[in-house]
Amino acid sequence: MLIESGLALPLAGLLAGAAMGYAARRHHFCTLSALERRWYAGDDNGVRAWGLAILVAIILTQGLVLAGLFDPSQSFYLTPSFGWSGAVLGGLAFGFGMALVGTCGFGALVRLGGGSLGGLVVVIVLGLAALATQRGIIAMGRIAIVDSQAYDLTRVGATDQSLGSLMSAFTGFDISAFVTLLVVGALAAWVFRTAAFRQDRGKITAGVVIGVAVTFGWLATSFIAARSFDPVQVESASFVVPPGDVILQLIAVTGALPDYGAGMVVGVVLGAAAAAVRRHDIRWEACDDARELSRHLAGAVLMGVGGVFALGCTIGQGVSAASLLTISAPIVLASIAVGARLGLAFILEGSIRHAFLRIERGPAE
């Protein structure tokens, strides 16, 4: 009955988003903060928490595939058409925009839950920029730069963008399971290599919750898609286009109920708000001056455009696509990191050229 009513999708997204928002606010799970502490303080715990989220998502998602509860071929991340130019250029733009804002789209929603009006501005502008890039005037540029330059992986014998499919095509044998085990083993060894991270319960909790929530998305949307009379997109967590979809739902009668992504956007804000209220951490904040506001606006546009070019954000590509072992995930993540480094050098050190100089790190706290 709930599925037929169309409410199952947004409610499932609301549940997953609330868990992610609460965990991120409670345990300070933030991509840019993790990178900053890695580069400027020598503290890897935040980056390892992201690695743990990816690890958990891979293990659980591949478990769903083995159990026959999720067909990964239904995900748009695994199409054989690989938009390499979008992965690189979009990732760079997203990372630079993230540095200008001080967080990613997911982080802006978490900030909004704690009372940040700057976060509200970022979410609105990011959503509008994403819509313009996906189906508006900027879409023409996206088609020329990304879609027309995409490489058809079937030309090398692969059936999709997964590492397992590519390596199987390269070797001539089906070694998908071996590739999955290799990635899981290497990632687990790196994540838990340091005692400092193994003792950081907050970061471990956040990583596990994010990974479980991403897997839940694949399970919930697959389950609903198989039982709904209406077409349902099989998806998981992403925070680039969904904020724009929420804006459309608020300002126009589209004739369709909110989808899973829209439910996640609202859920993250509510979950973060619940964590902030529990810790008495609600603070109404706005941009300090016009200069900071301009950085927020420019950064949000870059993230909206870049996120659509790259087909995802730090969560969408960084965890959701990574759970499917796509080749796009590491490329987009690396590009986001490079873009963020350039942006931080510009803001904190006065020039982009400092990104190419060695950082003098302070002691890890």
Side-chain angles (χ1 to χ4, degrees), residues 2-17 19-20 53-54 56-83 86 106 130 134-135 150 153 158-165 176 180 210-246 249 254 256-268 307-308 310-329 332:
L2 190 61
I3 293 177
E4 294 175 0
S5 71
L7 294 175
L9 272 177
L11 288 177
L14 186 75
L15 176 63
M20 293 179 70
I54 296 171
V56 171
I58 290 174
I59 293 173
L60 296 181
T61 299
Q62 297 305 315
L64 291 180
V65 174
L66 289 175
L69 299 174
F70 165 52
D71 179 6
S73 66
Q74 294 180 300
S75 168
F76 62 85
Y77 290 122
L78 284 178
T79 61
S81 180
F82 174 44
F106 173 64
Q134 184 191 49
R135 54 186 108 163
L153 294 173
T159 58
D160 55 44
Q161 290 186 41
S162 69
L163 289 174
S165 176
S176 300
T180 300
I210 299 297
V212 170
V214 165
T215 306
F216 173 80
W218 297 128
L219 177 63
T221 56
S222 294
F223 181 87
I224 295 171
R227 291 160 177 80
S228 175
F229 292 110
D230 298 316
V232 172
Q233 177 173 291
V234 176
E235 60 182 317
S236 188
S238 186
F239 299 97
V240 178
V241 174
D245 291 337
V246 171
Q249 289 287 339
T254 63
L257 289 173
D259 61 6
Y260 183 83
M264 284 206 77
V265 168
V266 176
V268 169
V308 174
L311 287 181
C313 55
T314 51
I315 295 286
Q317 281 285 353
V319 186
S320 296
S323 71
L324 304 177
L325 297 175
T326 65
I327 60 167
S328 63
V332 172

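If you're wondering where the values come from, they're calculated on a predicted model, not measured in any experiment. Positions are given from 1 along the sequence.
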- Message: For S162 versus L78, what's the shortest heavy-atom pair and its separation?
- Response: N-CD2, 3.7 Å

- Item | Heavy-atom pair of closest approach, residues V234 and A225 | CG2-CB, 4.1 Å

- With side chains defined as the heavy atoms from C-beta onward, is the minimum distance between L9 and L257 less than 4.5 Å? no

- Work out which heavy atom in S222 is nearest to a heavy atom in L69; give both atom names and the distance. CB-O, 3.8 Å

- Task: Just jot down the side chain to side chain donor-acceptor pair (under 3.5 Å) partners of D259, sequence neighbours excluded, or say none.
- Result: none

- Query: Roughly how far, to the nearest 0.5 Å, is the CD1 atom of I59 from the OG atom of S323?
  - Reply: 11.5 Å

- Message: Measuring only between side-chain heavy atoms, which start at C-beta, is I315 closer than 4.5 Å to M20?
- Response: yes

- Going by heavy atoms in the side chains, are C313 and S238 under 4.5 Å from each other? yes

- Query: What heavy-atom pair brings P242 and V265 nearest, and what distance separates the two atoms?
  - Reply: CB-CG2, 3.6 Å

- Query: Quick one: does S320's side chain have a donor or acceptor within less than 3.5 Å of a partner on A237's backbone?
  - Reply: yes

- Can you list the residues that meet the salt bridge (Lys or Arg N to Asp or Glu O under 4.0 Å) rule with D160, with sequence neighbours excluded? none

- Side chains of Y77 and S236: closer than 4.5 Å at any heavy-atom pair? no

- Item | Gap between atom OG of S165 and atom CG of L325 - 0.5 Å precision | 11.5 Å

- Item | Within-4.5 Å side-chain heavy-atom neighbours: W218 and L324 | yes

- Query: Atom OG1 of T61 and atom CZ of F216: how far apart are they, to the nearest 0.5 Å?
  - Reply: 13.0 Å

- Item | Heavy-atom pair with the smallest gap, counting every atom of V319 and A57 | CG1-CB, 3.9 Å

- Distance col, row L219:CG vs I224:CD1, nearest 0.5 angstrom, shows 9.5 Å

- Query: Heavy atoms, side chains only, cut-off 4.5 Å: are Q233 and F76 in contact?
  - Reply: yes

- Message: Any donor-acceptor pair under 3.5 Å linking the side-chain atoms of S81 with those of T79?
- Response: no

- Query: Hey, what's the ring geometry for F239 with F106, parallel, tilted or perpendicular (30° and 60° as the breaks)?
  - Reply: tilted

- Are side-chain heavy atoms of P258 and V246 found at a separation under 4.5 Å? no

- Close side-chain approach of L60 to F70, heavy-atom, < 4.5 Å: no

- Can you name the nearest heavy-atom pair linking A310 to Q317, along with the distance? O-NE2, 2.8 Å

